[in-house]
Amino acid sequence: MEQNQEREKKEEKVVKEKDQPGEPQIEEKRDKTARTHAITERFLQLRNHGAFLSAKDMYAIEKVAMLDVPLENILNWMENIYSTYQKKSPNQRINSMAYYEAAIVTRLEKSKGKKKKPQRETLLDRIARLEMQGILQ
């Protein structure tokens, strides 16, 4: 009888341990679902033409939702992309989420590129560096 109780306690422990790591996954899924829903709503609002989404649109929305960018930035970028497009082509609209996806990824790469880009060494800095190293005298 004691062995059964010990076994049951161990089984309960294992079940509890399995439940705990699963909780963040549930929250991640909810967060991703909420992001996907918000991006979808904004796309449909900007497109202003029906509520049907193609498989290509849904895939692009999922890819944008998985980006490591705050949701507000993505939504603001979508509005900026739309307004820029409207300035160039006032009688047309963006019908595909793939257009937004490409533009958002481009903006993301540009923003990362600006942070990582090293400053170029000026001529005076280079001369000073070479003198310190003993190459120039």
Side-chain angles (χ1 to χ4, degrees):
M1 186 148 184
E2 289 176 15
Q3 290 177 348
N4 287 340
Q5 289 176 349
E6 287 178 21
R7 185 173 37 109
E8 288 175 3
K9 286 180 183 179
K10 287 180 183 177
E11 288 175 0
E12 288 176 11
K13 225 182 209 183
V14 170
V15 169
K16 286 180 183 178
E17 288 174 2
K18 286 183 181 179
D19 288 342
Q20 289 175 353
E23 290 175 7
Q25 292 175 352
I26 292 170
E27 289 179 22
E28 288 177 15
K29 287 181 183 179
R30 287 182 189 159
D31 184 46
K32 183 182 174 196
T33 303
R35 288 173 61 91
T36 303
H37 182 70
I39 293 168
T40 302
E41 289 296 317
R42 185 61 51 96
F43 171 65
L44 292 174
Q45 176 189 14
L46 293 173
R47 184 173 70 173
N48 196 24
H49 180 68
F52 176 75
L53 293 173
S54 68
K56 185 178 179 181
D57 290 335
M58 289 187 285
Y59 180 68
I61 289 169
E62 288 176 8
K63 285 177 65 177
V64 170
M66 289 189 309
L67 292 174
D68 189 25
V69 178
L71 179 61
E72 293 206 11
N73 287 359
I74 292 173
L75 299 178
N76 289 335
W77 287 349
M78 287 177 71
E79 288 183 16
N80 291 340
I81 293 163
Y82 179 77
S83 64
T84 303
Y85 186 85
Q86 284 296 303
K87 288 176 185 174
K88 293 178 183 176
S89 306
N91 296 329
Q92 297 180 358
R93 61 179 171 257
I94 301 172
N95 290 318
S96 175
M97 184 61 193
Y99 184 90
Y100 287 107
E101 178 198 356
I104 288 169
V105 168
T106 301
R107 285 183 182 213
L108 182 61
E109 289 173 356
K110 283 183 180 178
S111 69
K112 285 184 179 178
K114 288 181 181 177
K115 293 177 184 175
K116 292 183 180 178
K117 188 176 180 181
Q119 290 184 341
R120 295 189 72 180
E121 188 176 36
T122 64
L123 182 59
L124 294 174
D125 292 338
R126 186 173 183 177
I127 291 171
R129 180 179 54 85
L130 293 174
E131 285 176 346
M132 286 179 59
Q133 293 175 349
I135 297 173
L136 289 179
Q137 294 180 3

Hey, are the side chains of Arg107 and Asn80 touching, using non-hydrogen atoms and a 4.5 Å cut-off? yes
Within the structure provided, determine whether Asp31 and Arg35 are in side-chain contact (heavy-atom separation under 4.5 Å). yes
At their closest point, which heavy atom of Arg47 faces which heavy atom of Leu53, and how far apart are they? NH2-CD2, 4.4 Å
Could you tell me whether a side-chain N or O of Gln86 sits under 3.5 Å from a main-chain N or O of Gln92, the two making a donor and an acceptor? yes
Who passes ring pair (Phe, Tyr, Trp, His ring centres under 6.0 Å) against Tyr99, sequence neighbours left out? Tyr85
Heavy-atom pair of closest approach, residues Met97 and Ile39: CE-CG2, 3.6 Å
With sequence neighbours left out, what residues match Gln45 under side chain to side chain contact (heavy atoms under 4.5 Å, CB included)? Arg42
Which residues pass the side chain to side chain contact (heavy atoms under 4.5 Å, CB included) test with Ala98, sequence neighbours left out? Lys56, Ser96
Considering non-hydrogen atoms only, spot the tightest contact between Trp77 and Ile104 and give its length. CE3-CG2, 3.8 Å
In one Ile/Leu/Val/Met/Phe/Trp/Tyr side-chain cluster, 4.5 Å: Ile94, Met58: yes
Would you please name every residue forming a side chain to side chain contact (heavy atoms under 4.5 Å, CB included) with Thr36, sequence neighbours left out? Lys32, Thr40, Ile61, Ala65
So salt bridge (Lys or Arg N to Asp or Glu O under 4.0 Å) across residues 63-72, not counting sequence neighbours, yields Lys63-Glu101
Locate the shortest heavy-atom distance separating Ala38 from Leu71; write the atom from each residue and the value. CB-CD2, 3.8 Å
Any chance the side chains of Asp57 and Ser54 put a donor and an acceptor closer than 3.5 Å? yes
Hey, could you give me the CG/CZ distance between Asn95 and Phe43, rounded to the nearest 0.5 Å? 7.0 Å
Flag side-chain contact, heavy atom, 4.5 Å: Arg126 against Arg129: yes
Grouping I, L, V, M, F, W and Y whenever their side-chain heavy atoms are under 4.5 Å apart, do Tyr59 and Ile74 come out in a common cluster? no
Can you sort out the partners of Ile135 under side chain to side chain contact (heavy atoms under 4.5 Å, CB included), two or more places apart, ordered by chain and number? Leu130, Gln133
Considering non-hydrogen atoms only, spot the tightest contact between Leu46 and Tyr82 and give its length. O-CE1, 3.4 Å
